[in-house]
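Numbering of residues begins at 1 and proceeds along the displayed sequence. Everything quoted here is computed from the prediction, not taken from an experiment.
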Amino acid sequence: MDAQSAGEILAARVATPAPPPPPPAASAATPEPAPEHKEAAEAGRGAEAIGKFLSSRQGKQLQKQVMRGVFGLLKKQL
């Protein structure tokens, strides 16, 4: 029995069709997450809160402090 070359193995993989994707869910509405997953579902909204904070007066002050600190560190190393 002959050993298969790598090219033959790859050609056989390409020749076999991929399974079709699963059909989309019948309902268009997003289901309510399970109680143990609600906290994780709400964590995605944290980006909105961060964006609002960074555009506030306190957020802009914090941005200035961070940038001054970063450039201060760079200036000391050069």
*asked:* With rounding to the nearest 0.5 angstrom, report the NZ to NZ distance, Lys64 to Lys60.
replied: 8.5 Å
*Examine distances only and state if a side-chain atom of Gln63 and a backbone atom of Leu54 form a donor-acceptor pair shorter than 3.5 Å.*
yes
*asked:* According to a hydrophobic-cluster definition based on side-chain heavy atoms being under 4.5 Å apart (Ile, Leu, Val, Met, Phe, Trp, Tyr only), do Val14 and Ile9 belong together?
replied: no
